[in-house]
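Below is one structure, written out as structure tokens; the observations come after it.
Excluded from the calculations below are hydrogen atoms, water molecules and symmetry mates; all remaining heavy atoms, backbone and side chain alike, are included.
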Amino acid sequence: MDQPAVLSLLNGCTIKDATVVVMGDGSLWTARSAWTDALRPLIQEYTGSQRRAGKDKTYAAHDRPYREILAESAFADVKEHTIDVERPWTPQTVIGYPYSTSFASRPLFGARLQEFEERAHALLTEHADADGLIEHARFDVLIARRP
């Protein structure tokens, strides 16, 4: 996405006191825990070593923080908020989540989908405790306004 072009478009089609909010919490791909660290290479065994971004593309990391990009736009008054969250997962909900993403959607597994699910379920069950699987995440919220 051409981020400066999108922000310029927003500048031209929003009211004077409009607010732009950019938020995200990473994903299970970027989370750091024993079970996410074990799951990532299993997914890559089926989808390839590079993080996928759909069927025929790979993910390219952003080269600059969103805060900087916003600060150079018409929405240069940027406030940053961070919210720590804990998400409980079960092996089954973890397996279902990647299918809703571009990095591990069902079509990427092809005929090996069932095999992946069985292996992932065994791996995640091995890592689960009485509370299930807990993801410690950080939700970043950038609120940008015109100065």
Side-chain angles (χ1 to χ4, degrees), residues 1-14 18-75 78-145:
M1 174 190 316
D2 184 343
Q3 296 157 338
V6 170
L7 289 166
S8 179
L9 176 67
L10 285 173
N11 184 42
C13 68
T14 56
T19 300
V20 173
V21 178
V22 177
M23 56 187 160
D25 62 346
S27 70
L28 288 178
W29 192 264
T30 58
R32 305 265 47 113
S33 69
W35 63 272
T36 57
D37 288 347
L39 181 62
R40 214 169 355 273
L42 179 64
I43 292 172
Q44 289 176 314
E45 191 177 316
Y46 290 85
T47 63
S49 61
Q50 291 187 314
R51 181 175 169 182
R52 300 297 294 266
K55 190 171 188 316
D56 299 319
K57 297 179 181 175
T58 57
Y59 175 79
H62 299 283
D63 59 348
R64 296 177 51 219
Y66 290 122
R67 183 185 217 352
E68 287 180 15
I69 295 165
L70 286 166
E72 292 172 358
S73 76
F75 303 94
V78 183
K79 303 280 189 270
E80 188 168 358
H81 303 274
T82 301
I83 304 162
D84 291 323
V85 295
E86 279 190 0
R87 286 194 199 99
W89 296 85
T90 65
Q92 205 55 40
T93 58
V94 170
I95 292 169
Y97 167 75
Y99 297 154
S100 70
T101 71
S102 62
F103 69 77
S105 62
R106 286 179 193 263
L108 296 176
F109 293 90
R112 299 175 65 200
L113 180 66
Q114 183 66 35
E115 176 188 326
F116 165 74
E117 287 183 357
E118 290 169 4
R119 290 182 64 199
H121 192 272
L123 179 147
L124 293 165
T125 300
E126 189 178 301
H127 283 274
D129 60 23
D131 295 325
L133 300 157
I134 304 298
E135 175 193 6
H136 299 278
R138 188 180 85 196
F139 201 85
D140 295 315
V141 181
L142 299 174
I143 300 172
R145 295 182 175 93

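- Distance check: Phe116 CZ to Arg106 CZ gives 10.5 Å after rounding to the nearest 0.5 Å.
- Every residue two or more places apart in sequence or in another chain was checked for a side chain to side chain donor-acceptor pair (under 3.5 Å) with His81, and none qualifies.
- Ala144 approaches Phe75 most closely through the heavy-atom pair CB-O, 3.4 Å.
- Scanning both residues, Ala120 and Leu39, for their nearest heavy atoms gives CB-CD1, 4.2 Å.
- When all heavy atoms of Ser73 and Leu7 are compared, the pair lying nearest together is CB-CD1, 3.8 Å.
- If you take CG on Leu42 and CG on Asp37, they are separated by 13.0 Å, rounding to the nearest 0.5 Å.
- In this structure, Arg138 places its CZ atom where only 12 or fewer heavy-atom neighbours from other residues, nucleotides or ligands lie under 6.0 Å away.
- Looking at residues two or more places apart in sequence or on another chain, you find a side chain to side chain donor-acceptor pair (under 3.5 Å) between Arg119 and Glu45, Tyr46.
- Taking each heavy atom of Leu133 and Thr90 in turn, the nearest pair found is CD1-C, 4.0 Å.
- Here Leu70 contributes atom CG and Glu68 contributes atom CD; the two are 10.5 Å apart, rounded to the nearest 0.5 Å.
- Among residues two or more places apart in sequence or in another chain, the ring pair (Phe, Tyr, Trp, His ring centres under 6.0 Å) test is passed with Tyr97 by Trp89.
- Between the side chain of Ser8 and the backbone N or O of Ala5 there is no donor-acceptor pair closer than 3.5 Å.
- Residues Ala18 and Thr14 approach most closely at CB-CB, 3.5 Å, considering heavy atoms.
- Heavy atoms only, all atoms of each residue included: Leu142 and Arg67 are closest at CD1-N, 3.6 Å.
- For Asp129, the side chain to side chain contact (heavy atoms under 4.5 Å, CB included) partners at least two apart in sequence or on another chain are Asp131.
- With sequence neighbours left out, the side chain to side chain donor-acceptor pair (under 3.5 Å) criterion links Ser33 to Trp35, Thr36.
- Of the N and O atoms on the side chains of Glu117 and Tyr99, at least one donor lies less than 3.5 Å from an acceptor on the other residue.
- Partners of Gln92 according to the side chain to side chain donor-acceptor pair (under 3.5 Å) rule, which considers only residues two or more places apart in sequence or in another chain, do not exist here.
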